[in-house]
Amino acid sequence: MKVIKFVLIPFFLIFCGYSQAQKKKTKVLNQQQLVNSAFENYRMALTNGNGSEAVKYVDQSTINYFNNILGWIKNADSTQIAQTRVFDKLMILVIRHKATKEEVQSFDGASLLAYCISNGLIGKPPIAGSTITNIKVVDKTATAQIVVMSKPQNFYLQFFEEKNWKIDLAAIFTDSNTKLQSIATEQHKTETELVLHIIEKNLKKTVTREIWKPIK
């Protein structure tokens, strides 16, 4: 009987360890699937220009970013705007140029982001037409690699679990800022000249001095 007990005890311990490992693996796979679902839901909403749906899948730090942009739109003068990075400058001025005073006054961070997506003010690349791979989950944070035309890109997204998994758009905005800086250099323009050129070209509307005035 003692021999049987000594045999069974290690077997039981091995089985328990294997069972726990399988549960952990299953949990990770489930979380990866949820992260992928959050990405796909955001991607579809962005692709379709459905801003109110898209904001359901972005994290609070992204909403906070648009709250800050809204504060600049309402209160910043030309000197203050000139000190912002080029991507922020573009967001502030394009919304001032596009939205009415009544719309601006009605916005909060979430509704401002929804407005931008619905009106094509948020670029769809690199999200539209892409997928994600190499999803890694650690506690309430996840990272994923963008895949375009079946080719993994050197570009990663971050997600946070806020009851549900949500995408953080900070990496996309930082990448957009870097690209805008490069374009300005290549075209021998100042960042402000590039921003105004982009706004006029895309909105088909001449920029006036009013764009530099706070909207209160």
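Side-chain atoms are counted along with the backbone in the values below, which use heavy atoms only and exclude waters and symmetry mates. A quick note: this is a predicted structure, and the numbers were derived from the prediction, not measured.
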To the nearest 0.5 angstrom, please state how far the [atom1] atom of [X] sits from the [atom2] atom of [Y].
X      : Y      : atom1 : atom2 : result
Ile183 : His197 : CD1   : NE2   : 9.5 Å
Ile198 : Leu90  : CD1   : CG    : 5.5 Å
Asn36  : Thr133 : CG    : OG1   : 9.0 Å
Asn64  : Leu70  : CG    : CG    : 12.5 Å
Leu196 : Ile199 : CG    : CD1   : 5.5 Å

Test log, rule side-chain contact (heavy atoms from CB on, under 4.5 Å), inputs Asn67 and Ile63: CA-CA 6 Å; Asn67 269 321; Ile63 301 300; 4.1 Å; yes
Walk me through it: do Asp108 and Ser111 pass the test side chain to side chain donor-acceptor pair (under 3.5 Å)? CA-CA 5 Å; Asp108 58 16; Ser111 59; 2.8 Å; yes
Verify salt bridge (charged side-chain N to carboxylate O under 4.0 Å, His left out) between Lys89 and Glu191, making sure each step is shown before the conclusion. CA-CA 9 Å; Lys89 194 181 280 95; Glu191 291 182 356; 3.8 Å; yes
Name each donor-acceptor pair under 3.5 Å that joins a side chain in residues 154-166 to protein atoms two or more places apart or in another chain, with its distance.
from   : atom 1 : to    : atom 2 : distance (Å)
Glu162 : OE1    : Gln60 : N      : 3.2
Glu162 : OE2    : Gln60 : N      : 3.3
Trp165 : NE1    : Gln31 : OE1    : 2.6

Do Ile167 and Met44 belong together in a cluster built from hydrophobic side chains that touch within less than 4.5 Å?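 Shared cluster, no.
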In one Ile/Leu/Val/Met/Phe/Trp/Tyr side-chain cluster, 4.5 Å: Leu46, Val147: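 Each belongs to a different hydrophobic cluster.
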Counterpart residues, ring pair (Phe, Tyr, Trp, His ring centres under 6.0 Å), relative to Phe66 (two or more places apart):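 Result, ring pair (Phe, Tyr, Trp, His ring centres under 6.0 Å) vs Phe66: Phe173.
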Tyr115: which residues meet the ring pair (Phe, Tyr, Trp, His ring centres under 6.0 Å) condition with it, sequence neighbours left out?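 Testing Tyr115 for ring pair (Phe, Tyr, Trp, His ring centres under 6.0 Å), a comparison that skips the adjacent residues, returns Phe107.
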Can you give me the closest heavy-atom contact between Lys205 and His97, atom names plus distance?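 Reported closest heavy-atom pair: O-NE2, 2.9 Å.
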Checking [X] side chain against [Y] main chain: does a donor-acceptor pair fall under 3.5 Å?
X      : Y      : result
Ser182 : Thr178 : yes
Gln153 : Lys151 : yes
Asp77  : Thr79  : yes
Arg96  : Lys213 : yes
Ser176 : Ile172 : yes

Apply salt bridge (charged side-chain N to carboxylate O under 4.0 Å, His left out) to Asp88 and list each qualifying residue two or more places apart in sequence or on a separate chain.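 Partners of Asp88 by the salt bridge (charged side-chain N to carboxylate O under 4.0 Å, His left out) criterion, ordered by chain and then number, come out as Arg85.
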For a side-chain contact (heavy atoms from CB on, under 4.5 Å) check, start with the C-alpha distance between Thr143 and Ile135, then their side-chain angles and the critical distance, and finish with the verdict. CA-CA 6 Å; Thr143 57; Ile135 301 171; over 6 Å; no
Would you please name every residue forming a side-chain hydrogen bond (donor to acceptor under 3.5 Å, both in side chains) with Ser52, sequence neighbours left out?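 So Ser52 forms a side-chain hydrogen bond (donor to acceptor under 3.5 Å, both in side chains) with Asn50.
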List for me each residue that meets side-chain hydrogen bond (donor to acceptor under 3.5 Å, both in side chains) alongside Glu40, sequence neighbours excluded, and say none if there are none.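 Result, side-chain hydrogen bond (donor to acceptor under 3.5 Å, both in side chains) vs Glu40: Arg43.
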After noting the C-alpha distance and the side-chain angles of Ile127 and Phe39, does the key distance pass the side-chain contact (heavy atoms from CB on, under 4.5 Å) rule? CA-CA 9 Å; Ile127 298 296; Phe39 172 81; 3.7 Å; yes
Could you go through Thr192 and Val195, starting from their C-alpha distance and side-chain angles, then the distance that decides it, and tell me whether this counts as side-chain contact (heavy atoms from CB on, under 4.5 Å)? CA-CA 5 Å; Thr192 297; Val195 165; 5.7 Å; no
Just checking Lys74: does its NZ atom have more than 12 heavy atoms from other residues, nucleotides or ligands closer to it than 6.0 angstrom?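 More than 12 heavy atoms, drawn from other residues, nucleotides or ligands, come within 6.0 Å of this atom.
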